[in-house]
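If you read the sequence from its start, that first residue is 1, and numbering goes on from there.
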Amino acid sequence: MSEESDSLRTSPSVASLSENELPPPPEPPGYVCSLTEELVTKAREELQEKPEWRLRDVQALRDMVRKEYPNLSTSLDDAFLLRFLRARKFDYDRALQLLINYHSCRRSWPEVFNNLKPSALKDVLASGFLTVLPHTDPRGCHVVCIRPEKYPPWKEEGNTALCSILTVPLSRLCMSQDSAFF
């Protein structure tokens with residue numbers, strides 16, 4: 001029998017624990033830097049990102065969110081918050097405002113963001129209307145090609161559907177650590 005199944009067998013079920021005995025929710029995974037040395041240097045020069053201060057800066061933004069917007073339902077994990085810090089060159093106030101704007105936009109356009117999954121847009125993405133080229137340009141930027149003639153004629157939803165179609169791949173590209181540098 002594996003260790004995992006042993007631990008599952010001996011762990012008390014959640015139903016058998018009283019409210020005061022429930023284990024705390026797991027901490028989000030910590031940030032692991034996967035930047036090349038070249039990008040670390042570029043981040044230091046262009047974004048004022050110092051590897052030795054990175055986690056301190058993320059924690060400062062996290063504390064600001066908890067203090068100033070305690071009811072904001074947002075991810076507070078390191079990698080997510082770091083994207084906002086990088087986008088605003090580690091200016092805490094501007095990064096917080098960008099995070100608030102991000103959520104405001106998502107709330108204002110639920111028809112665009114509520115079903116924002118590649119599976120929901122499978123037919124359109126398969127049509128070749130939008131393609132992310134497999135290689136980056138000479139500066140390392142991703143290249144996105146939009147081919148209007150390939151827009152599926154069966155899609156009658158107009159601009160809302162188009163916004164959703166464009167948002168899926170662009171939001172995926174923004175998740176890449178190196179996307180903040182171009």
Side-chain angles (χ1 to χ4, degrees), residues 24-110 112-114 116-119 121 124-125 128-148 159 162-182:
E27 287 292 317
Y31 173 75
V32 177
C33 182
S34 63
L35 300 177
T36 64
E37 284 302 316
E38 178 185 341
L39 286 178
V40 168
T41 301
K42 191 172 186 176
R44 184 182 296 274
E45 292 169 0
E46 294 180 15
L47 305 178
Q48 290 73 53
E49 177 178 343
K50 296 173 181 67
E52 60 274 14
W53 293 358
R54 185 184 295 128
L55 294 179
R56 178 207 67 180
D57 293 337
V58 168
Q59 186 59 48
L61 180 57
R62 184 180 295 119
D63 292 344
M64 288 175 73
V65 171
R66 286 179 175 151
K67 180 181 178 191
E68 297 178 33
Y69 297 92
N71 297 322
L72 183 65
S73 179
T74 188
S75 172
L76 294 174
D77 71 62
D78 295 349
F80 182 75
L81 294 177
L82 187 57
R83 289 198 298 263
F84 292 90
L85 285 165
R86 284 177 173 158
R88 293 299 178 253
K89 296 186 177 187
F90 282 76
D91 180 316
Y92 299 162
D93 293 323
R94 291 180 60 225
L96 178 62
Q97 189 57 54
L98 183 62
L99 177 66
I100 299 310
N101 292 347
Y102 167 84
H103 283 288
S104 176
C105 182
R106 293 179 71 88
R107 272 193 312 279
S108 296
W109 288 2
V112 171
F113 294 101
N114 280 353
L116 195 60
K117 299 178 188 118
S119 59
L121 304 169
V124 177
L125 294 172
F129 167 72
L130 185 139
T131 305
V132 178
L133 297 183
H135 304 289
T136 58
D137 74 3
R139 294 181 322 150
C141 299
H142 294 283
V143 179
V144 178
C145 293
I146 297 173
R147 297 162 62 196
N159 291 338
L162 187 58
C163 286
S164 292
I165 293 164
L166 296 174
T167 302
V168 169
L170 295 177
S171 63
R172 297 287 173 152
L173 290 174
C174 288
M175 290 181 189
S176 169
Q177 284 192 48
D178 59 0
S179 67
F181 305 101
F182 305 104

A.B. asks: Leu47 and Phe90: which non-hydrogen atoms are nearest, and at how many Å?
C.D. replies: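 That closest heavy-atom pairing would be O-CD1, 3.4 Å.
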A.B. asks: State the CG-CG distance between Leu85 and Leu61, to the nearest 0.5 angstrom.
C.D. replies: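 If I round to the nearest 0.5 Å, the distance is 5.0 Å.
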A.B. asks: Atom OH of Tyr69 and atom CG of Leu99: how far apart are they, to the nearest 0.5 Å?
C.D. replies: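 Reported value, rounded in 0.5 Å steps: 9.5 Å.
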A.B. asks: Could you tell me whether the side chain of Arg62 reaches within less than 4.5 Å of the side chain of Asp78, counting heavy atoms only?
C.D. replies: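 Answer yes - side chains close enough.
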A.B. asks: Run the salt-bridge test on Arg44 and Glu52 with the 4.0 Å N-O cut-off and return the result as yes or no.
C.D. replies: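 Here Arg44 pairs with Glu52 in a salt bridge, since their nearest N and O are under 4.0 Å apart.
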A.B. asks: Out of curiosity, Glu45 CD to Thr41 OG1, how far, rounded to the nearest 0.5 Å?
C.D. replies: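 Taking CD in Glu45 and OG1 in Thr41, the distance rounds to 6.0 Å.
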A.B. asks: So do Leu96 and Phe84 actually touch side chain to side chain, heavy atoms under 4.5 Å?
C.D. replies: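 No, their side chains stay 4.5 Å or more apart.
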A.B. asks: Does the side chain of Arg86 reach to within under 4.5 Å of the side chain of Arg54, using non-hydrogen atoms?
C.D. replies: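 The answer is yes; the side chains approach within 4.5 Å.
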A.B. asks: State, without any angle test, whether Gln59 and Arg56 hold a side-chain donor-acceptor pair at a distance under 3.5 Å.
C.D. replies: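 Not at all, the side chains of Gln59 and Arg56 share no donor-acceptor pair under 3.5 Å.
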A.B. asks: Could you measure the distance from the CD1 atom of Ile100 to the CG atom of Leu72? Nearest 0.5 Å is fine.
C.D. replies: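 Here the rounded value is 5.0 Å.
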A.B. asks: Does Lys50 have more than 12 heavy atoms from other residues, nucleotides or ligands lying within 6.0 Å of its NZ?
C.D. replies: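 More than 12 heavy atoms, drawn from other residues, nucleotides or ligands, come within 6.0 Å of this atom.
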A.B. asks: So how far is it from Leu82 CG to Glu49 CD, rounded to the nearest 0.5 Å?
C.D. replies: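 Answer rounded to 0.5 Å: 5.5 Å.
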A.B. asks: Testing the basics here: between Ser75 and Asp77, what is the closest heavy-atom pair and its distance to 0.1 Å?
C.D. replies: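 Result for this residue pair: OG-OD2, 2.8 Å.
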A.B. asks: To the nearest 0.5 angstrom, please state how far the CG atom of Leu81 sits from the CE atom of Met64.
C.D. replies: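 That separation rounds to 11.5 Å.
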A.B. asks: Can you tell me if Gln97 and Asn101 form a side-chain donor-acceptor pair at under 3.5 Å?
C.D. replies: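 Judged by distance alone, the side chains do pair up.
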A.B. asks: Evaluate the side-chain proximity of Arg66 to Leu76: yes if any heavy-atom separation is below 4.5 Å, no if none is.
C.D. replies: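 Yes, their side chains come closer than 4.5 Å.
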A.B. asks: Quick check: closest heavy atoms across Thr131 and Gly128, and the distance to 0.1 Å?
C.D. replies: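 Shortest heavy-atom separation between Thr131 and Gly128 comes out as OG1-O, 3.8 Å.
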A.B. asks: Is the shortest side-chain heavy-atom distance between His103 and Ser73 below 4.5 Å?
C.D. replies: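 The answer is no, as the side chains (C-beta and beyond) never meet within the 4.5 Å cut-off.
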A.B. asks: What residues, two or more places apart in sequence or in another chain, satisfy side-chain contact (heavy atoms from CB on, under 4.5 Å) together with Trp109?
C.D. replies: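 side-chain contact (heavy atoms from CB on, under 4.5 Å) list for Trp109, sorted by chain: Glu111, Val112, Phe113, Cys163.
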A.B. asks: Is the number of heavy atoms from other residues, nucleotides or ligands under 6.0 Å of Glu68 CD greater than 12?
C.D. replies: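 Yes - once you tally the heavy atoms of other residues, nucleotides and ligands closer than 6.0 Å, there are more than 12.
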A.B. asks: Taking the side chain as C-beta and beyond, is there a heavy-atom pair between Trp53 and Val58 under 4.5 Å?
C.D. replies: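 A side-chain contact is absent here, since even the closest heavy-atom pair is not under 4.5 Å.
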